[in-house]
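Structure, as structure tokens:
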Amino acid sequence: RYPFNEELRPKLLNQLLTSMELPLNIEKIKIENSELIYREKNPGTKEKMTVTLNKLKANLNNITSVKDSIKDGAVFRINLQAKLMDKAEMNVHFVMPLNSKSDTMFYSGTLGSAYFVTFNKAIVPALGVEFKEGNLNSLNFSGSSNGHISKGKLVSAALIREAGARPSTGAHSAPETPTARRDNRA
């Protein structure tokens, strides 16, 4: 894998807002029944990584670039619901304090049930890992990010243990390891 070109790193939403010269102040944006498709081609790979958010609903609150509002502690918030890869229910909450000196934003969320193979369109081109089988029941996560580092934790995860079982809404513990294949790329 080639080293990441830091010049290609896009700014985070909170960084874009705080660096805007134009004063912008929007109390709320509501998005319903939308779709977001993200594609990226990594050097050294043949196919593009594709991530889709289907049936997207989002509320964006306190979108401002007004310097006095930022100085007074304005916090930009996004609450997002979607079906990840058109299969897994996803809820993510972003909190972006706009006066953060390190431009840190925080996030937490949940991901519902799906077959692991659902995620292959994203992970095979990005990581060279392919799921052959396995089922995710649920996943809870949280983390933080700025322009230089992202860190987070998997709060809890539940995999379905029964071979050939369908995803469900019930909780399971002591998960079985999903079957995956790693393709080592240069």
Side-chain angles (χ1 to χ4, degrees), residues 9-17 26 28-42 47-63 75-97 103-147 149-162 165-180:
R9 185 181 304 275
K11 287 187 175 186
L12 300 172
L13 285 175
N14 54 331
Q15 294 171 319
L16 290 170
L17 281 171
I26 301 172
K28 184 175 188 172
I29 295 175
K30 186 174 187 176
I31 300 169
E32 292 196 18
N33 198 25
S34 293
E35 179 178 64
L36 179 109
I37 301 171
Y38 177 79
R39 290 188 178 103
E40 181 178 313
K41 174 122 175 29
N42 292 322
E47 61 183 299
K48 290 181 180 178
M49 173 190 73
T50 302
V51 177
T52 59
L53 300 180
N54 310 89
K55 298 179 183 162
L56 175 70
K57 290 193 261 182
N59 288 312
L60 293 78
N61 297 293
N62 203 19
I63 306 145
V75 178
F76 175 34
R77 297 177 191 275
I78 301 174
N79 292 315
L80 180 141
Q81 296 174 327
K83 285 206 169 238
L84 179 62
M85 309 302 272
D86 205 25
K87 300 292 182 198
E89 293 288 339
M90 183 176 82
N91 292 290
V92 185
H93 309 286
F94 297 93
V95 177
M96 299 174 228
D103 291 328
T104 301
M105 60 179 255
F106 305 90
Y107 55 89
S108 63
T110 60
L111 187 61
S113 62
Y115 297 109
F116 281 117
V117 295
T118 300
F119 308 114
N120 282 343
K121 283 186 179 182
I123 66 167
V124 171
L127 301 173
V129 174
E130 180 180 9
F131 286 112
K132 295 293 188 180
E133 61 184 22
N135 301 303
L136 173 69
N137 193 13
S138 64
L139 188 82
N140 295 308
F141 58 91
S142 65
S144 63
S145 183
N146 63 32
I149 189 168
S150 293
K151 58 184 176 179
K153 60 183 172 180
L154 184 59
V155 178
S156 66
L159 308 181
I160 297 175
R161 292 191 281 177
E162 303 85 31
R166 301 247 180 230
S168 69
T169 57
H172 296 276
S173 58
E176 141 188 326
T177 304
T179 303

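The basis for the numbers below is simple: all heavy atoms, side chains too, and nothing from hydrogens, waters or symmetry mates.
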side-chain hydrogen bond (donor to acceptor under 3.5 Å, both in side chains) contacts touching residues 151-160 (sequence neighbours left out): Asn140-Ser156
If I take atom [atom1] from residue [X] and atom [atom2] from residue [Y], how far apart are they, to the nearest 0.5 angstrom?
X      : Y      : atom1 : atom2 : value
Phe116 : Ile123 : CZ    : CD1   : 9.0 Å
Asn146 : Met96  : CG    : CE    : 13.0 Å
Tyr107 : Phe141 : OH    : CZ    : 8.0 Å
Gln81  : Asn79  : CD    : CG    : 8.5 Å
Thr118 : Leu84  : OG1   : CG    : 9.0 Å
Lys41  : Thr50  : NZ    : OG1   : 12.0 Å

By side chain to side chain donor-acceptor pair (under 3.5 Å) - contacts of [X] (at least two apart):
X      : value
Thr104 : Ser102
Thr52  : Asn54
Asn120 : none
Ser150 : Ser145

With sequence neighbours excluded, tell me which residues meet salt bridge (Lys or Arg N to Asp or Glu O under 4.0 Å) with [X].
X     : answer
Lys28 : none
Lys87 : none
Glu35 : none

Atom of [X], atom of [Y] and distance for their closest heavy-atom approach:
X      : Y     : value
Gln15  : Leu12 : OE1-N, 2.8 Å
Ala126 : Asn42 : CA-ND2, 3.7 Å
Ala122 : Met49 : O-CG, 3.2 Å

Only counting residues at least two apart or in another chain, list the ones meeting side-chain contact (heavy atoms from CB on, under 4.5 Å) with [X].
X     : answer
Leu36 : Leu53, Leu56
Lys55 : Lys83
Ile26 : Leu24, Ile29, Ile63

Donor-acceptor pair, side chain of Asn14 and main chain of Asp103, under 3.5 angstrom: yes
Min side-chain heavy-atom separation Leu80-Met90 under 4.5 Å: yes
Min side-chain heavy-atom separation Pro97-Phe106 under 4.5 Å: yes
